[in-house]
2 protein chains.
Amino acid sequence: MTDETPLRADAKLNRERILAAAEDVFLERGAGVSLDDVARRAGVGIGTLYRRFPTREDLLAAAYSARFEACAETSRARSATLDPASALSAYLEDLVRYSNVYRGFAASLGTVLQIGTPGCLATSTEGIRLLQRAQTEGAVRPDVRFNDLVCVATAISLATEQDRSGPEQIAHLVDVFMNGIVRR
Amino acid sequence: MTDETPLRADAKLNRERILAAAEDVFLERGAGVSLDDVARRAGVGIGTLYRRFPTREDLLAAAYSARFEACAETSRARSATLDPASALSAYLEDLVRYSNVYRGFAASLGTVLQIGTPGCLATSTEGIRLLQRAQTEGAVRPDVRFNDLVCVATAISLATEQDRSGPEQIAHLVDVFMNGIVRR
DNA sequence: TTGCAAGTGGAGGATATCTCCACATATAAA
DNA sequence: TTTATATGTGGAGATATCCTCCACTTGCAA
């Protein structure tokens with residue numbers, strides 16, 4: 001799963017160049033941009049890009065890694081002072097917010113999270129932890145899986161990146177998903 | 001919005017050929033298939049296809065129209081004998097089931113429903129009616145919008161088209177989203 | 001019959017993806 | 001230092017899809 005041999009010095013530099021270029025280009029023009037453009041911006045051949053990141057999702061996962069790491073860290077810090085359900089709710093909201101940083105990223109969220117990048121791993125782990133905690137404390141139904149949460153986040157991201165709806169729309173949808181549609 | 005002048009006889013025939021071909025090809029290989037393939041299967045030039053259906057979503061909406069019409073009709077019939085919440089729940093379940101007929105359709109559900117095809121309109125109208133009824137009878141939170149339901153359906157479709165989960169999985173997720181993730 | 005609005009096909013330009021391989025070079029061992 | 005070679009590189013080109021454009025055809029109303 002993880003790459004065995006360490007990269008050669010020049011290769012490592014190119015890898016970083018690619019990631020920096022990807023961040024710029026994805027931010028500017030969305031997650032669907034041509035990978036040739038990324039390579040060009042990085043000053044690197046397209047072959048080099050593909051050797052390092054065989055799929056677009058690999059590149060997205062790597063480019064997002066730091067962000068996801070931050071997402072996990074924020075959640076960890078916050079969850080100490082929140083009840084389990086609120087912590088999970090806040091986590092979901094953040095996940096959606098992060099997914100909307102690159103336009104068009106939402107559709108890949110599920111795939112990307114499954115790639116073993118440190119950040120992806122951190123975010124998944126944190127989500128699983130929060131869910132489990134909420135479930136053992138009886139705050140959340142026991143038959144919900146982490147995968148369900150990812151789907152929810154995906155759907156909300158998709159819905160909110162079409163409409164130019166603000167953060168209150170995201171919060172509303174998260175609330176609906178957390179508390180249900182039926183009046184209580 | 002709706003097309004003014006009626007189609008010429010030959011054009012109408014071609015339109016039907018395209019729709020029949022689209023149904024076959026989408027069923028076989030998913031909603032993302034090459035539109036050239038659809039045109040070829042229909043025995044029609046690609047230009048003709050684009051003239052009639054400017055975007056893939058237009059074609060999807062038209063191909064789905066009959067199905068959506070059936071979805072609405074079923075719901076209308078059923079809702080007479082069900083309490084508002086159950087009727088809404090059943091409607092949601094159907095919406096998801098229909099969305100999974102073409103692989104890869106789920107992500108377009110929101111866009112497609114907004115296209116004025118008779119079936120799309122019927123399904124939307126029915127959903128809005130059920131939601132309103134449930135809300136005026138106090139069975140469902142007043143701050144939920146139809147758009148939220150589409151979001152829910154999308155999420156569940158996405159979740160269940162990845163896993164090869166059966167209908168009981170769909171029912172389960174609908175239940176979760178009707179009653180909330182939070183334990184009651 | 002006939003005029004023409006409506007319709008048709010598909011070549012072709014634009015854009016993307018991804019592979020392949022001749023060539024270059026960092027690095028570890030001699 | 002000098003190799004030997006595993007590792008890395010660039011980018012041409014094969015393949016695929018999208019979508020437009022326009023010369024040509026045809027249904028149909030008058």
Side-chain angles (χ1 to χ4, degrees), chain A residues 2-22 24-63 102-105 107-108 111-112 115, chain B residues 2-22 24-63 102-105 107-108 111-112 115:
Chain A
T2 349
D3 211 339
E4 302 294 343
T5 53
L7 286 183
R8 232 166 64 175
D10 54 345
K12 187 158 174 258
L13 182 63
N14 277 337
R15 203 191 109 96
E16 275 152 22
R17 281 200 191 118
I18 292 170
L19 282 177
D24 288 354
V25 175
F26 287 150
L27 272 182
E28 271 172 31
R29 292 154 52 209
V33 122
S34 156
L35 295 185
D36 285 275
D37 283 358
V38 174
R40 200 168 313 120
R41 169 93 63 126
V44 136
I46 184 63
T48 301
L49 188 152
Y50 272 98
R51 154 174 279 257
R52 215 49 72 201
F53 305 102
T55 70
R56 180 182 298 272
E57 279 75 28
D58 287 321
L59 180 55
L60 284 170
Y102 297 164
R103 196 158 19 96
F105 179 83
S108 314
T111 312
V112 165
I115 297 176
Chain B
T2 350
D3 211 339
E4 302 295 342
T5 54
L7 287 182
R8 234 167 60 176
D10 54 342
K12 188 159 173 255
L13 182 63
N14 276 337
R15 203 191 110 97
E16 276 153 21
R17 281 201 191 116
I18 291 171
L19 283 177
D24 288 354
V25 174
F26 287 151
L27 272 181
E28 272 172 28
R29 291 154 53 209
V33 122
S34 156
L35 295 184
D36 286 274
D37 283 358
V38 174
R40 200 168 310 120
R41 170 92 63 127
V44 138
I46 183 67
T48 301
L49 187 150
Y50 272 98
R51 156 174 278 255
R52 216 48 74 201
F53 305 101
T55 71
R56 180 183 297 271
E57 280 73 29
D58 287 321
L59 181 54
L60 284 170
Y102 297 164
R103 197 160 17 98
F105 179 84
S108 314
T111 312
V112 166
I115 297 177

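Below, chains carry the letters A, B, ... as their sequence lines are ordered, and counting in each starts from 1.
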Next item on the list: Measure the shortest side-chain to side-chain distance between A:Phe53 and A:Leu35 over non-hydrogen atoms and say whether it is less than 4.5 angstrom.
Entry: no

Margin query: For B:Ser34 and A:Gly45, find the nucleotide of DNA chain D closest to each by heavy atoms; which residue's nucleotide sits nearer the 5' end?
Written below: A:Gly45

Next item on the list: For residues B:Ala21 and B:Arg41, report the shortest heavy-atom separation together with the two atoms involved.
Entry: CB-CG, 3.6 Å

Check: Got A:Val33 and A:Tyr102 here, is their nearest side-chain heavy-atom distance under 4.5 Å?
Finding: no

Next item on the list: Of all the heavy-atom pairs spanning A:Arg29 and A:Asp37, show the shortest one and how long it is.
Entry: NH2-OD2, 2.7 Å

Check: Where along residues 53-60 of chain A does a heavy atom come under 4.0 Å from DNA chain C, residue by residue in number order?
Finding: A:Arg56

Checklist line | Side-chain heavy-atom pair B:Leu59, B:Leu19 within 4.5 angstrom cut-off | finding: yes

Margin query: For a quick test of reading the model, state the closest non-hydrogen atom pair linking B:Arg56 to B:Gly32 and the distance between them.
Written below: NH1-C, 3.4 Å

Under 3.5 Å, which donor-acceptor pairs do the side chains of residues 11-18 of chain A form with other protein atoms, sequence neighbours left out?
{"residue": "A:Asn14", "atom": "OD1", "partner": "A:Arg17", "partner atom": "NH1", "Å": "3.0"}

Next item on the list: Shoot me the first and last contacting nucleotide of DNA chain D against chain B, ordered 5' to 3', at under 4.0 angstrom to non-hydrogen atoms.
Entry: D:dT17 to D:dC28

Next item on the list: Indicate for each nucleotide in nucleotides 21-30 of chain C, in 5' to 3' sequence, whether protein heavy atoms under 4.0 Å reach the base (B), only the sugar-phosphate (S), or nothing (-).
Entry: ----BSS---

Margin query: Which residues in residues 11-21 of chain B have a heavy atom closer than 4.0 Å to any atom of DNA chain D?
Written below: none

Next item on the list: Nearest whole angstrom, please: distance from the P of C:dG9 to the CG of B:Leu49.
Entry: 11 Å

Checklist line | Value in whole Å for how far the P atom of C:dT17 lies from CD1 of A:Ile46 | finding: 8 Å

Checklist line | Contact nearer the 5' end of DNA chain D, comparing B:Tyr50 with A:Val44 | finding: A:Val44

Check: To the nearest 0.5 Å, what is the distance between OG1 (B:Thr111) and CG (B:Leu60)?
Finding: 10.0 Å

Next item on the list: Could you say whether A:Gly47 or A:Asp37 is positioned toward the 5' end of DNA chain C, judged by the nucleotide with the nearest heavy atom to each?
Entry: A:Asp37

Please set out all donor-acceptor pairs under 3.5 angstrom arising from side-chain atoms of residues 44-51 of chain B, sequence neighbours excluded.
none

